[in-house]
Number of protein chains: 2
Amino acid sequence: MRYERKIPIPIECGLHLTKEVLGGKWKMSLINAIHAGIKRPARIEQAFPTLTKRVLSRQLKELEAHGIISKEIFPQLPPKVEYSLTPLGASLLPIIDMMDNWGNENRSFLEKVIEETRLMVEIGNHAH
Amino acid sequence: MRYERKIPIPIECGLHLTKEVLGGKWKMSLINAIHAGIKRPARIEQAFPTLTKRVLSRQLKELEAHGIISKEIFPQLPPKVEYSLTPLGASLLPIIDMMDNWGNENRSFLEKVIEETRLMVEIGNHAH
DNA sequence: CTGGATCCATTGTGATACTG
DNA sequence: CAGTATCACAATGGATCCAG
């Protein structure tokens, strides 16, 4: 990711610690997928067609380094790898579920306002 | 923020809708602060010394556009503004609480692995 | 099949000066 | 006091090629 971070994370707050772990674009989806039994990189790629290999690799690597998932390497040719949730990773599932539910419960409203926000912000600036 | 987004959000999933709303660096902290009664921009600035005015303005504006907070303008000089949570915004509080708690419960471990991850990722690349 | 290397595009944030 | 304009840059993601 980076050799040395220039902008520090405000870790005084638990929120920012959790955000550092779950913040990547696909990390929560990856945790869900692994929990659902989609444990091998090739299968995860199939499950998320717009997720590229590079990003997948990096986010898995970070999740592993953060102690959220563990990696089992089968010494075969071709290589085989399986990821699993650690207990710490599993303890995130309730949070992820709540977020997924909240988004789904408010889907129609959110899709509308998110779309409107695109058109709003920084356009007013052009009409100065 | 931007005129037109080039990289689409995968909104098929509720997770990404929620992430779009809560994803900004300070948004969850802002929701907490407003809920705790810190409702005016100047006071929020005091509460978060490393949060700059520009970012504060933008994230408040987006939260408002997303229907999470509402803005009351008192026609005075100097101007006075107060933000409040909408019911939709208040419905996010349990999620934010869970994330805050999870981070605090695992603080010592997380601080360690987050720090280690900095040093690990992309350094192995230099030693190729 | 897994995953690193390289290069580039996009998005998000920090700093400052300024206006009403 | 609240908020925008402008600039610069950090952080993250995407595309492609390559190696074991």
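Protein chains get the first letters and strands the later ones, always in sequence-line order, with residue 1 at the start of each.
Within 4.0 Å (heavy atoms only), Q59(B) reaches sugar-phosphate atoms of the nucleic acid but no base atom. Within the 4.0 angstrom heavy-atom criterion, base atoms lie near P79(A).
If you take CG on L88(A) and CZ on F109(B), they are separated by 6.0 Å, rounding to the nearest 0.5 Å. A distance of 5.0 Å separates CD1 in I31(A) from CG in L63(A), rounded to the nearest 0.5 Å.
E82(B) places its CD atom 10 Å from the P atom of dA2(D), with the value rounded to the nearest Å. Atom NZ of K19(B) is separated from atom C1' of dG12(C) by 12 Å (rounded to the nearest Å). Computed from coordinates, the I69(A) CD1 to dT2(C) P distance equals 13 Å when rounded to whole Å. The distance between atom CG of L22(A) and atom P of dT12(D), rounded to the nearest whole Å, is 14 Å. A straight line from CD of Q76(A) to C1' of dG20(D) spans 15 Å, rounded to a whole angstrom. Remark: P of dA11(D) and CD of E62(A) are 13 Å apart, rounded to the nearest angstrom.
Heavy atoms only, all atoms of each residue included: K25(B) and H16(A) are closest at O-CE1, 3.2 Å. Minimum heavy-atom separation, K27(A) to E20(A): NZ-O, 4.0 Å. Listed here is the closest heavy atom pair of Q59(B) and W26(B): OE1-N, 3.1 Å. The minimum heavy-atom distance linking V81(A) with R40(A) is given by the pair O-CG, 3.2 Å.
Taking five base pairs at each end of the helix from dC1(C)-dG20(D) to dG20(C)-dC1(D) and finding the rotation axis that steps the C1' atoms of four pairs onto the next four gives two axes whose angle is 40°, to the nearest 10°.
Looking at the side chain of W26(A), the nearest of the listed nucleotides dC1(C), dC1(D), dG14(D) is dG14(D). Counting only heavy atoms from C-beta on, K25(A) has its side chain closest to dG13(D) among dC1(D), dG3(C), dG13(D). Distances were taken from every side-chain heavy atom of K61(A) (C-beta onward) to each of dC1(C), dG3(C), dG4(C); the shortest belongs to dG4(C). Here the side chain of V55(A) is nearest to one of dG13(D), dT13(C), dC1(C), namely dG13(D).
Between the side chain of T18(B) and the backbone N or O of M99(A), at least one donor-acceptor pair lies under 3.5 Å. Not a single donor-acceptor pair under 3.5 Å links the side chain of D100(A) to the backbone N or O of I96(A). Not a single donor-acceptor pair under 3.5 Å links the side chain of K53(B) to the backbone N or O of A42(B). Proximity of a side-chain donor or acceptor of S70(A) to a complementary backbone N or O of T86(A) within less than 3.5 Å is not detected.
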Just the table, please: protein N/O against nucleotides 15-18 of chain D N/O, every pair under 3.5 Å.
residue : atom : partner : partner atom : Å
dA15(D) : N6   : R54(A)  : NE           : 3.3

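At the phosphate of dG3(C), OP1 or OP2 sits under 4.0 Å from a side-chain N or O atom of K71(A). For dT2(C), neither phosphate oxygen OP1 nor OP2 lies less than 4.0 angstrom from any side-chain nitrogen or oxygen of Y83(A). Contact annotation: R40(A) reaches the phosphate of dT2(C) (side-chain N/O to OP1 or OP2, under 4.0 Å).
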